[in-house]
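Accompanying notes for the structure given below.
All figures in this text were calculated on a predicted structure; none of them were measured in a lab. Atoms within a ligand are numbered from 1 in the order they appear, just like the ligands themselves. The basis for the numbers below is simple: all heavy atoms, side chains too, and nothing from hydrogens, waters or symmetry mates.
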Amino acid sequence: FNYTLNMDRTLPNILVTGTPGTGKTTTSEMIAEATGLQHVNVGDIVKSKQLHEGYLEEFDTHVLDEDKLLDELEELLKDGGKVVDFHTCEIFPERWFDLVLVLRADTSSLYDRMVKRGYNKRKIDENMECEIMQVVLETAHESYAPEIVVELTSNTVDDMESNVDRVKQWLDAWKINNSK
Ligand code: DAT
């Protein structure tokens with residue numbers, strides 16, 4: 001399978017990644033609202049289109065069917081203009097994205113959000129460790145060009161709003177630089 005994309009997309013694709021609870025979905029929705037880009041919630045697509053090989057009770061998570069997922073997303077992303085929201089970033093072809101945002105939250109904010117969500121202790125511990133060890137940030141740096149990876153603090157609503165403003169400015173500049 002060849003993941004070569006139309007590199008002439010007229011709008012960029014943005015990946016919003018980070019540990020669960022850092023604010024990916026909320027921020028992506030705000031970006032979509034502010035820019036007109038379309039939010040693609042990968043977790044929802046995995047569930048609704050059954051792009052998984054079953055559910056792992058112990059880890060309270062689905063085992064991805066990566067081939068099926070990539071095929072599905074390839075089609076969605078090929079024209080650009082998408083804000084893709086997912087907690088891992090290394091499974092996607094590098095060429096898909098023009099900007100990779102890694103959301104970061106401090107441990108107390110993250111802990112409270114996961115408790116509110118009703119995550120079990122194991123999942124909370126796992127995600128806390130993931131955030132403390134900067135797993136997603138490091139993975140993003142290993143998977144994408146350094147100039148497109150941006151770490152953003154997401155502790156407060158003000159943080160989210162200023163993050164969305166930054167994306168808006170970035171998008172305006174992208175449009176100018178890529179106009180034909
Ligand atoms: P994710 O998609 O990364 O799992 P989310 O957007 O669903 O995270 O957010 C989880 C909860 O935390 C949700 O109730 C909104 C809240 N939240 C997220 N980021 C926040 C922020 N920067 N300030 C305040 N609340 C935030």
Side-chain angles (χ1 to χ4, degrees), residues 12-49 51-52 55-64 66 69 72-73 76-77 81-92 96-97 99-144 148-171:
N13 288 319
I14 301 172
L15 176 62
V16 180
T17 189
T19 306
T22 49
K24 297 180 296 295
T25 297
T26 314
T27 303
S28 299
E29 278 168 4
M30 288 168 68
I31 293 172
E33 177 97 345
T35 62
L37 299 181
Q38 191 190 332
H39 177 202
V40 175
N41 185 325
V42 175
D44 284 354
I45 293 178
V46 168
K47 275 179 244 162
S48 68
K49 303 223 165 188
L51 308 177
H52 55 79
Y55 178 74
L56 260 190
E57 189 81 52
E58 192 184 355
F59 294 96
D60 182 21
T61 192
H62 286 93
V63 182
L64 286 181
E66 284 190 18
L69 176 62
E72 186 78 29
L73 290 178
L76 265 175
L77 297 187
K82 302 296 189 289
V83 182
V84 175
D85 147 19
F86 202 44
H87 55 80
T88 57
C89 62
E90 73 275 23
I91 63 171
F92 307 125
W96 280 5
F97 298 106
L99 179 66
V100 175
L101 304 176
V102 182
L103 301 188
R104 302 300 309 279
D106 64 30
T107 48
S108 60
S109 316
L110 200 61
Y111 185 85
D112 291 347
R113 290 174 200 166
M114 286 192 284
V115 169
K116 249 191 212 156
R117 249 185 196 175
Y119 281 1
N120 64 37
K121 183 176 181 309
R122 172 167 198 157
K123 196 156 176 168
I124 292 178
D125 288 349
E126 205 179 84
N127 286 333
M128 292 295 279
E129 182 173 326
C130 173
E131 185 60 12
I132 291 163
M133 301 301 287
Q134 316 200 110
V135 173
V136 181
L137 181 65
E138 282 184 14
T139 309
H141 280 304
E142 285 159 13
S143 309
Y144 299 92
I148 76 161
V149 177
V150 179
E151 181 181 7
L152 294 174
T153 301
S154 176
N155 290 321
T156 64
V157 173
D158 280 353
D159 290 338
M160 283 197 291
E161 282 168 356
S162 85
N163 293 339
V164 173
D165 279 345
R166 273 183 73 179
V167 172
K168 239 176 124 179
Q169 285 170 26
W170 174 89
L171 177 63

Quiz prompt | Identity of the nearest option to atom 22 (N) of ligand 1, non-hydrogen atoms only, from Asp159, Thr22, Thr156 | solution = Thr156
Exercise. Report the nearest protein non-hydrogen atom to atom 2 (O) of ligand 1: residue, atom name, distance rounded to 0.1 Å.
Key: Thr25 N, 2.8 Å
Exercise. Have a look at ligand 1 and work out which part of Lys24, if any, has a heavy atom under 4.0 Å from it: side chain, backbone, both or neither.
Key: both
Quiz item: By number and element, which atoms of ligand 1 are closer than 4.0 Å to a non-hydrogen atom of Pro20?
Solution: 4 (O)
Exercise. Let me see the working for Arg104 and Gln134 under side chain to side chain contact (heavy atoms under 4.5 Å, CB included), right down to the final yes or no.
Key: CA-CA 9 Å; Arg104 302 300 309 279; Gln134 316 200 110; 3.0 Å; yes
Exercise. State the CG-NZ distance between Leu73 and Lys82, to the nearest 0.5 angstrom.
Key: 11.0 Å
Practice problem: Give the residue, atom name and distance (to 0.1 Å) of the protein heavy atom nearest atom 6 (O) of ligand 1. | Solution: Thr26 OG1, 2.5 Å
Quiz item: Touching ligand 1 at all, Gly21? Heavy atoms, strictly under 4.0 Å?
Solution: yes
Quiz item: Under 4.0 Å from ligand 1, counting heavy atoms only, is it the side chain of Leu103, its backbone, both or neither?
Solution: neither
Quiz item: Quick check: are there more than 12 heavy atoms from other residues, nucleotides or ligands sitting under 6.0 Å from CD of Glu90?
Solution: yes
Quiz item: Which of parallel (below 30°), tilted (30 to 60°) and perpendicular (above 60°) describes Phe97 and Phe92?
Solution: perpendicular
Quiz item: Does Gly23 reach ligand 1 with a nitrogen or oxygen that is under 3.5 Å from one of the ligand's nitrogen or oxygen atoms?
Solution: yes
Quiz item: Quick one: does Asp159's side chain get under 4.5 Å of Leu152's, heavy atoms only?
Solution: no
Self-check item: Per atom 5 (P) of ligand 1, closest listed option by heavy atom (His87, Arg117, Arg113)
Solution: Arg117
Self-check item: Side chain Lys24, main chain Val84, donor-acceptor under 3.5 Å
Solution: no
Quiz item: Does an N or O from Ser154, backbone or side chain, lie closer than 3.5 Å to an N or O of ligand 1?
Solution: yes
Quiz item: Asn13 side chain to Leu77 main-chain N or O, any donor-acceptor pair under 3.5 Å?
Solution: yes
